[in-house]
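The block underneath contains the structure these notes are about, expressed in C-alpha cells.
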Amino acid sequence: MSGLLWGAMSVIRKDLLAEGRAGEVLTVTIPFGALALLFFPLSINTDLAVIRQIGPGIFWAVVLLFGILVTLRATAADPPQCRDLLLLSGVEPASIFLGRTAAGTLLLLVFELVLAPVMVVFYSPEGIAGWPWLFVVAGLVAIGLAALGTLAATLSTGLPSRSAIAPLLVAPLAAPILLAATETTDLLRTGQGIIRWILLLVAMDLALIIAGMLVAGPLEESMQ
Amino acid sequence: MKTQSVIGGAAVVVMGVGLFLAIEVPPEQVQGDFVKMLFIHVPSVMIAYLAFTVGLVGSLAYLATKNTSADRLAAASIEIGVVFTMLTLATGMIWGRPTWGVWWDWGDARMVSALFMLFFYLGYLALRRGVTDPKTRAGRTAVLGVVAFVQVPIVHFSVTWFRTLHQPATLFRPDVGNAPLDSVFVPPLLTALAAFLLVYLAFIRARYRLADRQDELAAAQMTSELAGSAVAEPILGGVHE
Amino acid sequence: MILKDLDLVVEASEIVAVRGPNGSGKTTLLRLISTLLAPTRGSAHILGVDAADRQAVLGCRHRIALVGHVPALWPELTLAENISVLPNLRPLGAGPIAEALKTVGLAKAADRRADRASLGMQRRVEFARIRLNLPDVLLLDEAHAGLDAGAAALVEDTARLVQSNGGSVIVVSHEVARMQGALSRVLDLVDGRLEAAS
C-alpha cells in the first residue's frame, strides 16, 4: 500500500510540475471556461431575474464540460516510452491512475475556484445560506470528474481521434455528478438537507476510484 | 448462410403475425391508437437490455480468457443494442408528443437516463473505430463494455426510483402479479417480442461474422507474417523495371 | 506471431548482443524480457519470475532498465527533474543526481528543459539514471543511435558497470561493432529464432 502511494506521489509531482510549465489549464482551459459562462446570458436574454436563477446550474454544467478538458490536458498523458519508464521504476498501473486522478483533482479545484467568482459577478445569483458546503461539493465533483477523465484518457491513449472520443466517454457518466451538484445547490438555497446527494457523490467517487484502480492493470497490458 | 435465411424469414413471418394482432387490438379509451406504439417500444427496449447484457458477458469473458470471439460477440451485440435504444427513444418520443404534448420531457428520469446510456454506448462504438489493432481494441473496449452496463439497471429502475411522468415498467417489475397490462395487449406484445428477438439473432449473427472476416483481413495484413519476412534485402544499384 | 521457437538463456554478468534485420522482432524480444509485454505462448522467466504471472512481475520490474529508440524524458521537465521525479531515484537526493549528471557530461545542462536538449543529451540522462541505480537486467535497444563518440563510449562503460555489479546486459543494435570488446556473445535473430553468430 505504501508503495502504491509513493508511486502515486511521484506521478502527482510530475503531472503538476509539467502542467506548471505547460500552463495549459491556466492559460487555455480556464479562459475558455470563463468565456463559456459569458455565452449563456448573451444567448438567452439579459433579464436579470432569469440570469440569477440559472447561474449556479450553468456554472456546474460549464465545470463538467470544460473540466473534461482539464483532465485531458496534454501533460496528463505520458509518452509511451515514459510510461514504460514509470512501470520499470516500480510504479504500478494502479499507482499511475491514482496519482493522475489526484493531480487532476487539484487542477479541477483551481478551475472551479477561478470560475466561481466569474459566475457570481456575471449572474449575481441569490445568496445561499449554507454556501461553505459548496466547497465540499466542489471537491467531490472534482474527484469524480478527475477519475472519469483519467480513465477515459487512458482508454483513448495514442488514438488520433483521442480529443473527440474521450469527452464522449466522460460526459454521459458525468451526468449523475452534474445532477448531484445542481440538486445540492438548489437544496442549499431552499434550506433543505443535502446529505443524500453528498452521499451519492461520495459513493460515486469511491466507485470510480476503485474501478479505475482495478482496471488499470488489465488496461496497461492491452496497451502493449 | 442457410441458418441466416431461416432466422431472417422467421423474423419476417412472426413480425407479420404481430402486426396483424396489433391492428386487431381495439383503440384504448384515453390514448386511442397511439397505445399501439407500445408493441414496438417495449420489445425494443427489452432487446436493447438483452443486447447490452450480452455485451457485458462478452466483455467479461474477453477479460477472463482473452478469447477474441468473446470480444467480437460483445461488440456486435452492443452495436445492435444501440440501434434498439434509438428505436426505443424514437417511439417514446412519437408517443409522448400526442400524449403529453411534448417530444421530450426533461423531468422523465427514464428518458433522460436512457439518452445518456445511448451516448455512452456511442462512445464505446467510437472507441472501437478509433483503435485499429484488434488486440489493443479488444482489451480497451472490454473494460468499457463492463463499466457501461452499470447504466442498464439505472435506466430500468429509474421509473421506480424517481416518480415521474413515465409509465411504470410493463415487464420485469418487482410486483409481478399486479401487471398494469390489459389482457388484450398481451398476445401482440409477446408476438412482437418474439419477432424482435429473431431480428436480434439475425443481426448479431451477421454482425459477428462480419467482424470475424474483418479481423481475419486485418490479421492477414499485419501479424501472420513471421518476423523478418516483411523486409527483403534492398537491391543496391538497382532500379525498378 | 512475431517470435517463435525462440530459446535464450542469459546468465548474470553477461553482455549479449542481438542482431537482426529491420522488423525481425528485436524490439519485441526486449519488451518481452523487460516484462512489459507478456508472452502469448511459451514461457519466460526474468530474474527468476515467471513472466506469465503478471502480479509477481510487478515486484521485479524495478530491477530492469530499458533504453529504447526514443529517449524516455518528459519534455516539460528539466534534465535533472527527469531523474529526480522517479520514485526509486528521488530518495537519493540532489547531490548524487548532480554528481551523476556531471559524470555523463551534463553538469552545465542540468536545468535545461528536456524538449530543448538534443537527442544525445537526452540519451546521456538515461544513462545517468541507470548509473544511479544499477539494474540487474539492462536492455539497450539501438542505444547508440544518434550518439557522438564520447556518448557512445558511455554506453559501453555503463554496460560494463552493470556487468561488474553482477547484472546482465542485452544489446540490440545494428552497430554491434561499436562495443565489440565488451560482448560475451553475439546472436542473430533470423526468422523469429536466435542463432549464434558465425
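A note on names: the letters A, B, ... follow the listed sequences, proteins ahead of strands, and every chain is numbered from 1. FYI, side chains are in, hydrogens and waters are out, and symmetry mates aren't considered; it's all heavy atoms of this structure.
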Notebook entry, point to check: Closest heavy-atom contact between K26(C) and V18(C)?
Noted result: CD-O, 4.1 Å
Next item on the list: For the pair R61(C) and E92(A), find out whether any cationic side-chain nitrogen is under 4.0 Å from an anionic carboxylate oxygen.
Entry: no
Checklist line | chain C contact residues among residues 55-80 of chain A, heavy-atom distance under 4.5 Å | finding: T75(A), D78(A), P79(A)
Margin query: Let's test your reading of the structure: which of G217(A), S89(A), G7(A) forms the most heavy-atom pairs below 4.5 Å with chain C?
Written below: S89(A)
Check: Quick one: which residues of residues 14-21 of chain A reach chain C at under 4.5 angstrom, heavy atoms only?
Finding: K14(A), L17(A), A18(A), R21(A)
Checklist line | L89(C) vs S84(C) side-chain heavy atoms within contact, under 4.5 Å | finding: no
Checklist line | Test item: D188(C) side-chain N/O and V190(C) main-chain N/O as donor-acceptor pair under 3.5 Å | finding: no
Check: Between the side chain of S95(A) and the main-chain N/O of V91(A), is any donor-acceptor distance below 3.5 Å?
Finding: no
Margin query: Between T35(C), L58(C), L66(C), L77(C), who has the most heavy-atom pairs with chain A when the cutoff is under 4.5 Å?
Written below: L77(C)
Next item on the list: Please answer whether the main-chain N or O of T78(C) pairs with a side-chain N or O of N82(C) as donor and acceptor at a distance below 3.5 Å.
Entry: yes
Next item on the list: Please check if the side chain of D205(A) supplies one atom and the backbone of G144(A) the other of a donor-acceptor pair under 3.5 Å.
Entry: yes
Checklist line | Heavy-atom pair with the smallest gap, counting every atom of I15(C) and Q163(C) | finding: CD1-OE1, 3.6 Å
Next item on the list: Compare every heavy atom of L145(A) with every heavy atom of I177(A), then report the nearest pair and how far apart it is.
Entry: CD1-N, 4.1 Å
Next item on the list: Using a heavy-atom cutoff of under 4.5 Å, enumerate the residues of residues 115-143 of chain C that contact chain A, numbered in order, or state 'none'.
Entry: R129(C)
Notebook entry, point to check: Atom CG in L29(C), atom CG in L187(C): separation rounded to 0.5 Å?
Noted result: 9.5 Å
Item checked: Flag if over 12 foreign heavy atoms under 6.0 Å of CD, Q55(C) -> no
Checklist line | Salt bridge flag under 4.0 Å for residues R54(C) and E221(A) | finding: yes
Margin query: Restricting to non-hydrogen atoms, name the atom on A166(A) and the atom on S156(A) that form the minimum distance, rounded to 0.1 Å.
Written below: CB-OG, 3.6 Å
Next item on the list: Return the minimal non-hydrogen interatomic distance between P41(A) and Y123(A), and the atom names on each side.
Entry: CD-OH, 3.2 Å
Note to self: Quick check for you: to the nearest 0.5 Å, what is the distance between I33(C) atom CD1 and I170(C) atom CD1?
What the structure shows: 3.5 Å
Check: Roughly how far, to the nearest 0.5 Å, is the CD1 atom of I96(A) from the CZ atom of R100(A)?
Finding: 7.0 Å
Note to self: Show the nearest heavy-atom pair for residues H62(C) and G59(C), with the distance to one decimal.
What the structure shows: CE1-O, 3.1 Å
Check: Backbone N or O of A153(C) within a donor-acceptor pair of the E156(C) side chain at under 3.5 Å?
Finding: no
Checklist line | Contacts with chain A made by residues 91-108 of chain C (heavy-atom distance under 4.5 Å), listed by residue number | finding: P91(C)
Checklist line | Choice from P93(A), G90(A), C82(A), A22(A) maximising heavy atom contacts with chain C below 4.5 Å | finding: C82(A)
Check: Measuring heavy-atom distances to chain A, does L73(C) have an atom under 4.5 Å in its side chain, in its backbone, in both, or in neither?
Finding: backbone
